[in-house]
Q: 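To start, I am sharing the structure in question, which I have written as structure tokens.
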Amino acid sequence: MEPNDRLSLDAWANPSSSCNGLPRKMSLENPSFTNFNLQQQEQKWDDTSILNYGIRIEPPPFHEFNQASESEYLLSSTCNNQPKVLDQEDGLNNEALQTSKSPDWDPRTMLNNLSFLEQKIHHLQDLVHLIVGRKGQALGGHDQLVTQQQQLITADLTSIIVQLISTAGSLLPSVKHKLSTGPPNGQLGELLFPPLAGMNCVPQPQHGSGSKSVQPQCVTGSKVSDQCNQMDVTVSFGTEQNLSIEEHEMKEEEDADEGENLPPGSYDILQLEKEEILAPHTHFCTICGKGFKRDANLRMHMRGHGDEYKTPAALAKPNKESSSEPVIIKRYSCPFAGCKRNKDHKKFQPLKTILCVKNHYKRTHCDKSYICSRCNTKKFSVMADLKTHEKHCGKDKWLCSCGTTFSRKDKLFGHIALFQGHTPAIPLEETKGPSVSCDKMDGNEASNKSGNINFSFGSNAGSGAQNIIEVKEDADDPASYFSPLSFDTCNFGGFHEFPRPTFDDSESSFSFLEAP
Amino acid sequence: MPTRSTPILSLLTEDLLIRVNEKLVQDSDRKKWRLICKEFHRVDSLARKTLRVLHVEFLLSLLKNYTNLHTLDLSVCPRIEDGTISLLLHHVDHSIWARNLKCLNLSRANGLKFAGLEMLVGACKGLESVDVSYCCGFGDREAAAISGCEGLRELRMDKCLGVGDVGLAKIVVGCGRLERLSLKWCMEISDLGVELLCKKCLELKFLDVSYLKVTNESLRSIASLPKLEDLAMVGCPYVNDVGLQFLEIGCPSLQKIDVARCDCVSSSGLSSLIGGHSGLLHIDAGHCFSEVSPTIVKCIQKLKNLNTIIIDGIRVSDTIFQTISSNCNSLIEIGLSKCEGVTNMGIIKLVSGCVNLKIINLTCCRSIADAAISAIANSCRNLLCLKLESCNMITGKSLEQLGLHCLLLEVLDLTDCCGINDRGLERLYRCSRILCLKLGLCTNISDKGLFYIASSCPELQELDLYRCQNIGDDGLAALSSGCKKLRKLNLSYCVEVTDKGTKSLGYLEELSDLELRGLDKITSVGLTALVTRCKRLIYLDLKHCEKIDDSGFQALAYYSRNLRQLNLSYCAITDMTLCMLMGNMTRLQDVDLVHLTNVTVEGFELVLRACCVRIKKIKLVAALSFLLSSEVQGILHARGCKIRWD
């Protein structure tokens, strides 16, 4: 799925939520209006669910919404603008948060963020212009509309502020903290939250029936939901992630759907067989979970689920999301008995998507069969993990005995201090100082050489040769106990030397001297 | 000593014999014991706990004999290599000896590499103490091999130049029970390694981080060690007062601190450290800062238990002596070497309170005169060691006082005290326990003085007569009859000494270190007479003994089989004799061969090949580095031999 696509999908939840939120606020002041509003919305969502199951595609539901709430022309027109604006906002949020994860600062991303901000401000400007233009026509009695306009603008301004802060990397941790811990207090809080809540694939209870139609988004996009999850984690568990050492552990976190508090029974549980999970499929039926290698085959398969899948639109290539379905939340169970992700577990935590199931099952219950070709030590069960690792492999030259690598020595030592029994691994080549390694090399070379030289020299020296011959013949001689490490024999020159009488030897060395 | 009669032997059971055997201290006595009979020999091998081996070729049979060894010292072996270890472990009855071994000394075993170490450590499961100091070639791999000793409590790694943080990390993880660790001169180790050490080895009692490039961060980690008693951090240039303040609040059991030559430490830093540890026993702050400040003096007042204070090279005033004298009554040792401002008055004040002083170092305190020494002699009756080098104002009166009162004196350094003469030495006659006497550059001493020494100091082990030009053969004759236990003798530039003198030295059977530099009256006759008798010679310096010819050196080669260090620079030795010499001296490890005019380049080439197996250090003329083949230089290098080019 294209990223743009995704952004718009993610964003889709926002207008609805913010639109929902605003009227609700107003209900305190004007209950009748709220009722009307809610009713309208309910109607609208019902519409969408019936007519168009894939509410994720932008235009149709929106138009409907607009038409439905004709009485609020102003509002709807602003709403019309909003999706785009929010799109970008989310995109920014997304990006900003992602950049915050990666330790190195990318100026290009920064530039992107800034230009997004610029655009957004322009949009807001247009919006205000529009409001100013309409103001003359607006009737005096529409106080609520004015308030709504104000709130909308405030909402946009707030999101701009949020982005500004998140773009400024240094301030990020405190922002995160605020977002994750601070309860939505007052208007600002509430306005800050909707976009983020939208990113969470969390059904918002206050949406009422409307929330149901939001759900499918979780089931559909494999990557999308992945992203969503990741966002989730970053927002609510930012600190935890920072602590985690390995990227692998981080990925495990992905599976965690913290913050999702679906009441048991409010969703369907699908449990795929392990063969199904391990099959190399990438396209899965959202109804029965069956996997396919090709999307076209999936579409053919979907026809079997009912006539609605047989329309030309449903069979058309690009948006398989358009083939909608009855809105039932789907969650997945791991087939591995005893696993926390297995539906029979006491504290069962369902998996959100099929991709989550696949990754979870492979990482947790399968052998790690992908070995990094560079280091030959790190193993992975998910190909994507291997690829992520291979990007960094080799750069991390500080290695622990447990196989974990680090780019910095102090990180390795911190790790060793933390874990009992872990020690730094010493690489095969001495890579400390150039002088040291050089010495070693020379040493090895020379010692080999010296072995030979010494040998021949010893034999030249007369008695030395005798000794050596003796050594070879005498089985009881210590030399026969040489370890398989094959140390050069000349080490024991000293050993074989001692029995010979001193002056004999000196004579031989005399003769030796005359030889050359 | 038991007699050879069999009835007595039959009465003595094995354990009784072992108990008797344990009473023998001297090596020579044990040797006699072993020679008595087989039974005694057997008992000796059972009872023997310690073995220090010089002849590596006997190691095999020795280890077969002595199976209950606790301590094996290979530091004086010419060369220990991986192959030697494998041989010892695989040949000697499946290495019974290794099982009981607790202490292993591999100091200067440069030939050993990690493979050998690994085997050794693998076999000696019970090792508690390992010394690999001055194995300059050791690196992280060797450290990793050592880390296999799980029960290790003591480790000396001085000057293992290649060991870095990674190697240290290996050791601290593998040997978590370490109590004593010396990392002196392990220049690669940084704060990271020390930090990890302090997190993993909480049992540490002694730590030496001298000369490391560690900073205050290391001291912050060290301060967290709960049991640390002794910290040495000599010459740490990046440590300053901030670091000492960490120590002030940490290390609750600290007793000894050595911050000598830490250039950035000031007296306020030291006083803050002292402030936190009033139980300190030992302070060494030599050459740390320029002057003793009043704050330090104030702090010292609190140190009631102080045993040792060394403030070498620091300007002092009489007030500090007053303070020490009235507060630190249990002071045993004081070091004031090269201190400016040490006066007679100061010393008199000091000894008035500190009557327990045993070691006093007044080297280069030039204003010290007889008055101070008299005060010392009168107050400190237990004095063991007094160093008075370059105290020019000292005369025989001082020695008279010492001779009257300090009867326990063992070490007396009078180097360069030109006020000392034969009469003075005569006054020392009651100091019969003197072990070490240094009279270098005391030009007023003659043979007569040596007579007095010979008659009054029968225990003497070390005598320095460097440039005592009035010494002659008669003095040496007296010495060799009186001081039978003499081990170290320096006669360099005592130019009057002739063959007759060296011949009489031959009667000193214990002699191990002999310096005969610049004695140009000595010939081959004298040298031959000397070496035929002095079998224990380990170190011989014959530099500038130009009269000795090949026949003398051939005798040296034949008789001095235990020689470890030899200086032949400027001697008249020729190619052939040098080759023979170097080929035969299988224990020789360190040799100076500078300016040998009769030796050709080819001769050197052969010499180096002949000795390359065992030699550890060699000094040659720089010009030879271009003339010698790269092959032979490569061999020496590969063997871990260090060549010093002069």
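Throughout, protein chains are lettered first and strands after them, A, B, ... in sequence-line order, and every chain is numbered starting at 1.
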Q: For chain A, which of B:Leu581, B:Val632, B:Leu636, B:Val173 has the most heavy-atom pairs under 4.5 Å?
A: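 Among the listed options, the one with the most contacts to chain A is B:Val173.
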Q: With rounding to the nearest 0.5 angstrom, report the CZ to CD1 distance, A:Phe406 to A:Ile416.
A: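 With rounding to 0.5 Å, CZ (A:Phe406) is 7.5 Å from CD1 (A:Ile416).
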Q: With a 4.5 angstrom heavy-atom cut-off, which part of B:Lys170 approaches chain A: side chain, backbone, both or neither?
A: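 Both backbone and side chain.
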Q: Is there a donor in the side chain of B:Asn598 and an acceptor in the side chain of B:Thr574, or the other way round, less than 3.5 Å apart?
A: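 Side chains of B:Asn598 and B:Thr574: no pair found under 3.5 Å.
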Q: Can you tell me if B:Ser629 and B:Glu605 form a side-chain donor-acceptor pair at under 3.5 Å?
A: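 Their side chains do contain a donor-acceptor pair, which is all the 3.5 Å distance test asks for.
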Q: Please classify the contact between B:Asp191 and chain A as side chain, backbone, both or neither, with a heavy-atom cut-off of under 4.5 Å.
A: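 Contact with chain A: none, neither part.
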Q: Side chain from CB out, backbone as N, CA, C, O: work out which of these in B:Leu192 comes under 4.5 Å of a heavy atom of chain A, or both, or neither.
A: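 Backbone plus side chain of B:Leu192, per the 4.5 Å heavy-atom cut-off to chain A.
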Q: Indicate whether any N or O donor in one side chain lies under 3.5 Å from an N or O acceptor in the other, for A:Lys368 and A:Ser381.
A: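 The answer is no; no qualifying pair exists.
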